[in-house]
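Only a predicted model underlies this, so the values are computations on that prediction, with no experimental measurement involved. Letters A, B, ... are given to chains in the order of the sequence lines, protein chains preceding strands, and every chain is numbered from 1.
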Protein chains: 2
Amino acid sequence: MRQIIEERTGSPTRQPAFVEPHCSNLRVAAHVTVLHEGDPARRIMEVVEGAVMLTKLLPDGRRQVVELLGPGDVFGLAHDDAYACSAETLTPATITTHERSALERDPMLASRLLRHFEAQLCVMHSHALVLGRMSALERVAFFLLRLMPEGMVGGGTLHLSMTRQEIADFLGLTLETVSRAFSELKRRGLVALQRADEVRIQDRGSMRRLAGAL
Amino acid sequence: MRQIIEERTGSPTRQPAFVEPHCSNLRVAAHVTVLHEGDPARRIMEVVEGAVMLTKLLPDGRRQVVELLGPGDVFGLAHDDAYACSAETLTPATITTHERSALERDPMLASRLLRHFEAQLCVMHSHALVLGRMSALERVAFFLLRLMPEGMVGGGTLHLSMTRQEIADFLGLTLETVSRAFSELKRRGLVALQRADEVRIQDRGSMRRLAGAL
DNA sequence: CGACCTATTGAAAGCTATCAACTGGGGTGG
DNA sequence: CCACCCCAGTTGATAGCTTTCAATAGGTCG
């Protein structure tokens, strides 16, 4: 289940100053668990390409997808030297890993991570609003708008790389409720579903109103 | 409503190198809104002392308290140069503010903020799990444990500086549900309430089981 | 002591979860 | 190449939890 396709070590000898020496790039297939919640947190990671989700579990098995990551986003954060979340690829992905000690040595890296932490923290704030205060329909509308921002390539058809269960775990719902919400959005003409995982937003205005602007 | 008690500007001339010049300390009373969501984001702030809550609003007025901050925590984050959240003091507080440009000039500041961003992001991940997957009773238990970690001063009696409404907005519930949860915890003997805002945790083991470890 | 605000408690409604059956598409194997 | 199987998704019915609406209690401050 845990197959790493390729691992390339960075070329420290060729690099000038200010570039961290101990980093490496990984090519990972889709649906691979890169990190396990609770494991000792040795390295910090960045998504270079592809999509990654971070998940947390309760002792009884309830799961929450706490964050969806794309290129530039950082993960592998630690609480008491243990990874706070598991990380699983949603698509084939390229990931860079850094030793945690590199943060002190490499100001450029630290600065880049700082910027991304700020952005990710803002996204988490929005997500708290979604999880705490929005209805099921609003959550799904918000989710789709978030995946397909204003100016989007591909003629407006979005390929979902998540199952209904994964979307549900992200939005704090059940898969049935997510499915019903998709059907309701379709029924109202706000979206069209080519297939279960191919969505087109038909009425962005109404979607934004549902999602509480955005 | 928006009363700033005192503002002391840092003493840049006395400082040696590596200390940001354009920072200032604010003394703020309780229940003061320090930042408004949507305002132009000029400065980044740190809590020195006291407690601050960050809130977000939906267009129809639904509110979510997205984060609770204590000493060392950072706020004033921006999305498109506008503050992503409002910030309101829960207690009298001391706050340091920095110009955003100081982040590039002052590596010590950047490094400190980086560490705190990481911690706050981890807390947000936990909070997503709470908001997405926990029942009302579990949320309140989690909340109380979070406010009163293992080794705590004061003989185990905690003073809540939040109203039921604020707790509800933090936990994604209504104030009535929060009140019922408190009553249920009391009924089960897990907590004792001296007054509505004075809590003693009687059975930490059961609380932790409810909150999903922690 | 009374006014006012916060908190508590009760009853009913509403939304989502749960349980269950059915459908459809993709892949495998005959 | 086609049939079958299997898994993801959809849809329906019911239960359960939280919200909503409403009335009461408690505490603080003037």
Side-chain angles (χ1 to χ4, degrees), chain A residues 1 30-31 53 58 60-65 88 90 129-144 158-188 191-199 210, chain B residues 1 30-31 58 60-65 90 129-144 158-188 190-200 210:
Chain A
M1 191 64 81
H31 314 298
M53 66 175 177
L58 283 170
D60 63 3
R62 282 175 284 178
R63 183 175 80 155
Q64 178 69 33
V65 173
E88 186 179 328
L90 289 169
L129 181 63
V130 171
L131 293 175
R133 288 295 178 229
M134 284 190 184
S135 72
L137 201 65
E138 291 169 335
R139 294 184 203 202
V140 172
F142 185 94
F143 171 74
L144 291 175
L158 169 68
H159 179 80
L160 298 176
S161 43
M162 297 170 77
T163 65
R164 295 291 185 266
Q165 181 64 63
E166 287 164 342
I167 296 169
D169 286 343
F170 181 58
L171 297 177
L173 302 168
T174 60
L175 70 93
E176 294 94 332
T177 301
V178 170
S179 183
R180 280 185 245 272
F182 271 103
S183 299
E184 177 65 16
L185 290 175
K186 191 169 64 180
R187 200 186 60 71
R188 294 193 193 178
V191 304
L193 296 178
Q194 267 77 24
R195 290 184 351 218
D197 61 350
E198 302 233 321
V199 186
L210 257 182
Chain B
M1 191 63 81
H31 313 299
L58 283 168
D60 63 4
R62 281 174 285 179
R63 182 175 80 155
Q64 178 69 33
V65 173
L90 290 168
L129 181 64
V130 172
L131 293 175
R133 289 293 177 230
M134 283 190 185
S135 72
L137 201 64
E138 292 169 334
R139 293 184 205 203
V140 172
F142 185 95
F143 171 74
L144 291 175
L158 170 69
H159 179 80
L160 298 177
S161 43
M162 299 170 74
T163 65
R164 295 290 185 266
Q165 180 64 64
E166 287 164 341
I167 296 169
D169 285 344
F170 180 58
L171 297 176
L173 301 168
T174 60
L175 72 92
E176 294 94 333
T177 301
V178 170
S179 181
R180 280 186 246 272
F182 271 104
S183 300
E184 177 65 16
L185 289 176
K186 191 170 61 178
R187 200 187 61 71
R188 294 194 191 179
L190 304 200
V191 304
L193 296 179
Q194 266 78 21
R195 289 181 356 217
D197 60 350
E198 301 232 324
V199 187
R200 171 188 289 267
L210 257 183

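Rounding to whole angstrom units, CZ of residue A:R187 and P of D:dT10 are separated by 15 Å. Across the protein-nucleic acid pair, A:D197 atom CG and D:dC7 atom P stand 18 Å apart, rounded to whole Å. Following rounding to the nearest Å, B:H31 (NE2) and C:dC5 (C1') show an atom-to-atom distance of 13 Å. The separation between A:L193 atom CG and D:dT10 atom P is 7 Å, rounded to whole Å. Put simply, CG on B:L137 is 15 Å from C1' on D:dG16, counting in whole angstrom units. To the nearest angstrom, C1' of D:dA22 lies 10 Å from CD of B:E176. If you measure from atom CZ of B:R139 to atom C1' of D:dT19, you get 13 Å, rounded to the nearest angstrom. One can place CD of A:E166 at 16 Å from P of D:dC7, the figure rounded to the nearest angstrom.
Below the 3.5 angstrom threshold, one finds a donor paired with an acceptor across the side chain of B:R180 and the base of D:dT20.
Residue A:L173 is classed as a sugar-phosphate contact, given heavy-atom separations below 4.0 Å to backbone atoms only. Contacts of B:T163 with the nucleic acid, taken as non-hydrogen atoms under 4.0 Å apart, involve only primed sugar atoms and P, OP1 or OP2. Using a 4.0 Å heavy-atom cutoff across all strands shown, A:R195 reaches no nucleic acid atom at all.
Each of A:R133 and A:S183 has a nearest nucleotide on DNA chain D; the 5'-most of these lies closest to A:S183. Both B:M162 and A:G172 sit near DNA chain C, but only B:M162 has its closest nucleotide nearer the 5' end.
Put simply, A:T177 has a side-chain N or O that comes within less than 4.0 Å of OP1 or OP2 on C:dA17.
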- side chain to side chain contact (heavy atoms under 4.5 Å, CB included) between B:L144 and B:L190: does it pass, once the steps are laid out? CA-CA 11 Å; B:L144 291 175; B:L190 304 200; over 6 Å; no
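Considering only side-chain atoms of B:A196, the nucleotide from D:dT18, C:dA7, D:dG9 that sits closest is C:dA7. With C:dT18, D:dT10, C:dT8 as the choices, the nucleotide that has an atom nearest any side-chain atom of A:L175 turns out to be D:dT10. Minimum atom distance to the side chain of B:R164 is reached by C:dA7, of the listed D:dT18, D:dT19, C:dA7.
Across B:F170 and B:L131, no two heavy atoms sit closer than the pair O-CD2, 3.7 Å.
The main-chain N or O of A:V199 is never found under 3.5 Å from a side-chain atom of A:Q194 such that the two would form a donor-acceptor pair. Distance alone, capped at 3.5 Å, is enough to place a donor-acceptor pair between the B:R133 side chain and the A:L173 backbone.
Residue B:D169 is tested with B:R139, B:R63, B:R62 for a salt bridge (charged side-chain N to carboxylate O under 4.0 Å, His left out); the sole match is B:R63.
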